[in-house]
Amino acid sequence: MMELKSERELAIMRKAGSIVGEMLDELAGKIKPNIKTIELDRICERLIKRRGGRPAFKNYKGYPANICTSINEVIVHGIPGDAILREGDIISVDVGVEVEGYFADAAYTYPVGKIDAESRRLLEVARGALEKALENASADRRVSAISCAIQNFVESNGFNVIRAFVGHGIGSELHELPEVPNFGQPNTGIRLERGMTLAIEPMISAGGYDVEILKDGWTAVTKDKSRVAHFEETIAITDNRPEVLTSCQRKNL
Ligand code: MF3
Ligand code: CO
């Protein structure tokens, strides 16, 4: 399914997106040493419901929590629980919200207290990769314009793109076509059109890109245990720079 969204649908996705954006802003003030990831999950559940949304990940293909909390070498789909944040960690929080049958999905990687210089650079490059993707995501370009912009930026900065997970179309389902890989060959993939809505989500490793899934069936980690940063926004394609539906006050790190 790869639908162009009507203005009515985009208006609903903006509502869902604004809740996601607000959640990620709110979390910036909560992420500190000694907090448990399950506490972050409860905060998000409460705020999302209070704003009239539904946490979109809960029970999605059996996923057991409201958000994903992925610490250090965890790439994505870390399940909130008793894990305690420690000074120097990095944690990606991924939030999805459904409003009136439409979805928005975004993620942000936060430093926990003071982090080392390499981790800080990892966050900057991953955030920069998403920015490069946005600069190249306009109508009449192809999906590969996004993929190549991310890969080139990341590899020229000495890091690696995770290949086992990709961005995706989004709308009346959390995952729609097209797939939006964070690497690939130029001049491939479908042509972008005004009204397409995509979740672009580069996952960047400080080391290798090989992936392992833990016994819980969800938690994805790097095989070599290197740290990963993950940034995601839900966007709508226009003739120029895309509209970011999940935007908020988050500042570059
Ligand atoms: N942003 C992630 C994705 O698009 C979050 C999905 S978590 C899941 O895959 F639990 F819903 F799978
Ligand atoms: Co996503």
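Numbering of ligands and ligand atoms starts at 1, following listing order.
Considering only non-hydrogen protein atoms, atom 3 (C) of ligand 1 sits nearest to H175 NE2, 3.3 Å. Counting only heavy atoms of the protein, atom 1 (N) of ligand 1 lies nearest to D94 OD2, 2.7 Å. In this structure, the protein non-hydrogen atom closest to atom 8 (C) of ligand 1 is Y60 CD2, 3.9 Å.
For ligand 1, the atoms closer than 4.0 angstrom to any heavy atom of C68 are 7 (S). Counting atoms of ligand 1 from 1 in the listed order, those under 4.0 Å from a heavy atom of H168 are 4 (O). Close approach to H77 involves these atoms of ligand 1, each under 4.0 Å from a residue heavy atom: 6 (C), 7 (S), 9 (O). With ligand atoms numbered from 1 in the order given, ligand 1 contributes 1 (N) to contacts under 4.0 Å with heavy atoms of E232. Set against the non-hydrogen atoms of Y63, the atoms of ligand 1 under 4.0 Å away are 10 (F).
For the residue pair N136/R141, the side-chain donor-acceptor check at 3.5 Å is satisfied.
Few gaps surround CZ on F57; more than 12 heavy atoms of other groups in view lie less than 6.0 Å from it.
Remark: ligand 1 and H230 share no N or O pair separated by less than 3.5 Å (distance only, no angle test).
Under the 3.5 Å distance criterion, the side-chain polar atoms of T246 are matched with a main-chain donor or acceptor of T234. One N or O on the side chain of S156 and one on the backbone of N152 form a donor-acceptor pair closer than 3.5 Å. Distance alone, capped at 3.5 Å, is enough to place a donor-acceptor pair between the Y110 side chain and the L24 backbone.
Closest of all the heavy-atom pairs between I67 and C44 is CG2-CB, 3.7 Å.
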Could you walk me through whether H175 and Y60 pass the side chain to side chain donor-acceptor pair (under 3.5 Å) test, one step at a time? CA-CA 11 Å; H175 292 131; Y60 179 81; 2.6 Å; yes
Should S226 and D224 be marked as a side chain to side chain donor-acceptor pair (under 3.5 Å) after you check the CA-CA gap, both sets of side-chain angles, and the distance that decides it? CA-CA 6 Å; S226 49; D224 64 7; 2.5 Å; yes
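For the Co ion (ligand 2), the set of protein N/O/S atoms nearer than 2.8 Å consists of D105 OD2, H168 NE2, E201 OE2, E232 OE2, ordered by chain and number.
Here the CD1 atom belonging to I12 is positioned 10.5 Å from the CD atom belonging to E98, to the nearest 0.5 angstrom. Rounded to the nearest 0.5 angstrom, K61 NZ and W218 CH2 are separated by 7.0 Å.
Here W218 has side-chain heavy atoms under 4.0 Å from ligand 1, and that is the only part of it that gets that close. When non-hydrogen atoms are compared, ligand 1 lies under 4.0 Å from neither the backbone nor the side chain of A56. At a heavy-atom cutoff of 4.0 Å, ligand 1 is contacted by the side chain of E201 but not by its backbone.
Ring centroids of H230 and F165 are separated by 6.0 Å or more, keeping the two rings apart.
Through chains of ILVMFWY side-chain contacts below 4.5 Å, L214 is grouped with V74, V221.
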